[in-house]
Amino acid sequence: MALYKAPGQFDANGNGFYCRCTTTFELVVKVKNMDIFEDDCFVVSYPKTGTTYTGWTLFLIFNEGDREVARRKPIWERVPYLGDGPFTKIECMSRPRLMQTHFLFEMFPIQALEKNAKTIYVMRNPKDTLVSYYHYYKSCKSRGNFQGSWDDFFQLFLNKNLIYGDFYDHILSWWNQRHRDNILFLKYEDMVTDPKSNILKICAFLGKTLSDDKIDNIIEQTSFESMRDNPMTNYSQSQYQDNRIFPFIREGKIGGWKKFFTVEQCEIIDKIHADRLAGTGLSFQFE
């Protein structure tokens, strides 16, 4: 098939970082120059690397796992996306503001760096990320409900034509800033295999202390089963997601890529992986 483009897909920074119809150049500029408070907190990621999981964990930490509060609004209102939808919603939020974005480091709000706003960057191994992103492309209306095959989607990856750009460009734009003490790097695989340690890590980063009971409560509310069945986190109420095609929270497993990648595709991505991450000290768990 011809190289696919999502509805309204455009190059937002002139270097192949693609945004979609719910984003505009005006929004990109607004995000870069927005006013930031010192108590603002951000979750940053490449799509389908644990963004919702991390955002919901963050919200629950700030609210000490309060179930009554958690069931009142969906996550996209609790932790809204920067540069995706009405900017006035961000400006009207009560503090501390919790926000998410898939933007590159160079597109991130300038004041967030000047004011050392707490920022969590979450990563996932690229093979599971791409498989999850493929299913999202097919079930997401703003991605045009992609009709192509897995092979077609893999070609989009190779051509760096996916919304929010190339996986490696993204993670390296942030990983290169690992010297900054206001940025915490987390890996999805660590979060799902040892959630308590990672919740404690986030709490320490934020300067928060929670009781064991509250941490256990957060672990239960951020479990795969809980988030899959919770309308506040499973995007069943979103106008952009069609869970009848594929659920937004689909499997969440480590190693699910093995059912999709061919031997040739593995060889291709393994070489890209080795070349792009050489000398960075960055590694991932694949199974």
> Got Phe154 and Phe260 here, is their nearest side-chain heavy-atom distance under 4.5 Å?
Replying inline: no
> So do the side chains of Tyr134 and Phe146 get within less than 4.5 Å of each other, counting heavy atoms only?
Replying inline: yes
Under 3.5 Å donor-acceptor pairs involving side-chain atoms of residues 205-215, not counting sequence neighbours:
from	atom 1	to	atom 2	distance (Å)
Ser211	OG	Lys214	N	3.3
Lys214	NZ	Glu64	OE1	2.7

>> Running the 4.5 Å side-chain criterion over Ile, Leu, Val, Met, Phe, Trp and Tyr, what cluster does Phe25 land in, apart from itself?
In response: Phe10
Output a table of donor-acceptor pairs, distance under 3.5 Å, between side-chain atoms of residues 268-277 and any protein atom two or more places apart or on a different chain; print 'none' if there are none.
from	atom 1	to	atom 2	distance (Å)
Asp270	OD1	Lys127	NZ	2.9
Lys271	NZ	Asp275	OD2	2.8
His273	ND1	Tyr168	OH	2.7
Arg276	NH1	Asp166	OD2	3.3
Arg276	NH1	Asp169	OD1	3.4
Arg276	NH2	Asp169	OD1	2.7

>> Any non-hydrogen side-chain atom of Met123 less than 4.5 Å from a side-chain atom of Leu282?
In response: yes
>> Going by salt bridge (Lys or Arg N to Asp or Glu O under 4.0 Å), name the residues that satisfy it together with Arg71, two or more places apart in sequence or in a different chain.
In response: Glu68
>> Contact between Tyr164 and Tyr133 at the side-chain level, heavy atoms closer than 4.5 Å - yes or no?
In response: yes
>> If the condition is side-chain contact (heavy atoms from CB on, under 4.5 Å), which residues does Asp216 pass it with, not counting sequence neighbours?
In response: Ile219
> Sequence neighbours excluded, which residues qualify as ring-ring contact (aromatic ring centres under 6.0 Å, His included) partners of Tyr121?
Replying inline: His170, Trp174, Phe185
> Checking Tyr137 side chain against Ile163 main chain: does a donor-acceptor pair fall under 3.5 Å?
Replying inline: yes
> What are the two closest non-hydrogen atoms of Pro109 and Leu82, and how far apart are they?
Replying inline: CG-CD1, 4.3 Å
> So which pairs with a foot in residues 22-32 pass salt bridge (Lys or Arg N to Asp or Glu O under 4.0 Å), sequence neighbours left out?
Replying inline: none
> Which pairs with one or both residues in residues 196-205 pass salt bridge (Lys or Arg N to Asp or Glu O under 4.0 Å), sequence neighbours excluded?
Replying inline: none
> Are more than 12 heavy atoms from other residues, nucleotides or ligands located less than 6.0 Å from atom NZ of Lys73?
Replying inline: no
> Knowing that exactly one of Ile75, Ile218, Val79 qualifies, which makes a side-chain contact (heavy atoms from CB on, under 4.5 Å) with Trp56?
Replying inline: Ile75
>> Please check this pair: side chain of Gln221 against backbone of Gly65, looking for a donor-acceptor N/O pair closer than 3.5 Å.
In response: yes
> Can you list the residues that meet the salt bridge (Lys or Arg N to Asp or Glu O under 4.0 Å) rule with Arg78, with sequence neighbours excluded?
Replying inline: none
> Within a strict 4.5 Å, meaning less than it, do heavy atoms of the Lys118 and Pro96 side chains meet?
Replying inline: no
>> Using the side-chain contact (heavy atoms from CB on, under 4.5 Å) criterion, which residues pair with Ser173? Sequence neighbours excluded.
In response: Leu104, Phe105, Glu106
> Residues two or more places apart in sequence or in another chain: which of them pass side-chain contact (heavy atoms from CB on, under 4.5 Å) with Asp35?
Replying inline: Gln111
>> If you define the side chain from C-beta out and look only at heavy atoms, does anything of Lys115 sit under 4.5 Å from Asn182?
In response: no
>> Test of understanding: with side-chain contact (heavy atoms from CB on, under 4.5 Å), list the residues that count as partners of Val192, not counting sequence neighbours.
In response: Tyr53, Tyr188, Ile254
>> When you compare the side chain of Ile202 with that of Leu186, does any pair of heavy atoms fall below 4.5 Å?
In response: yes
>> With a 3.5 Å distance limit and no angle check, can you tell me whether Lys187 reaches the backbone of Asn125 through a side-chain donor-acceptor pair?
In response: no
> Under 4.5 Å between any side-chain heavy atoms of Thr57 and Met227, yes or no?
Replying inline: no
> If only atom types and distance count, is the side chain of Arg143 paired as donor or acceptor with the main-chain N or O of Tyr136 below 3.5 Å?
Replying inline: no
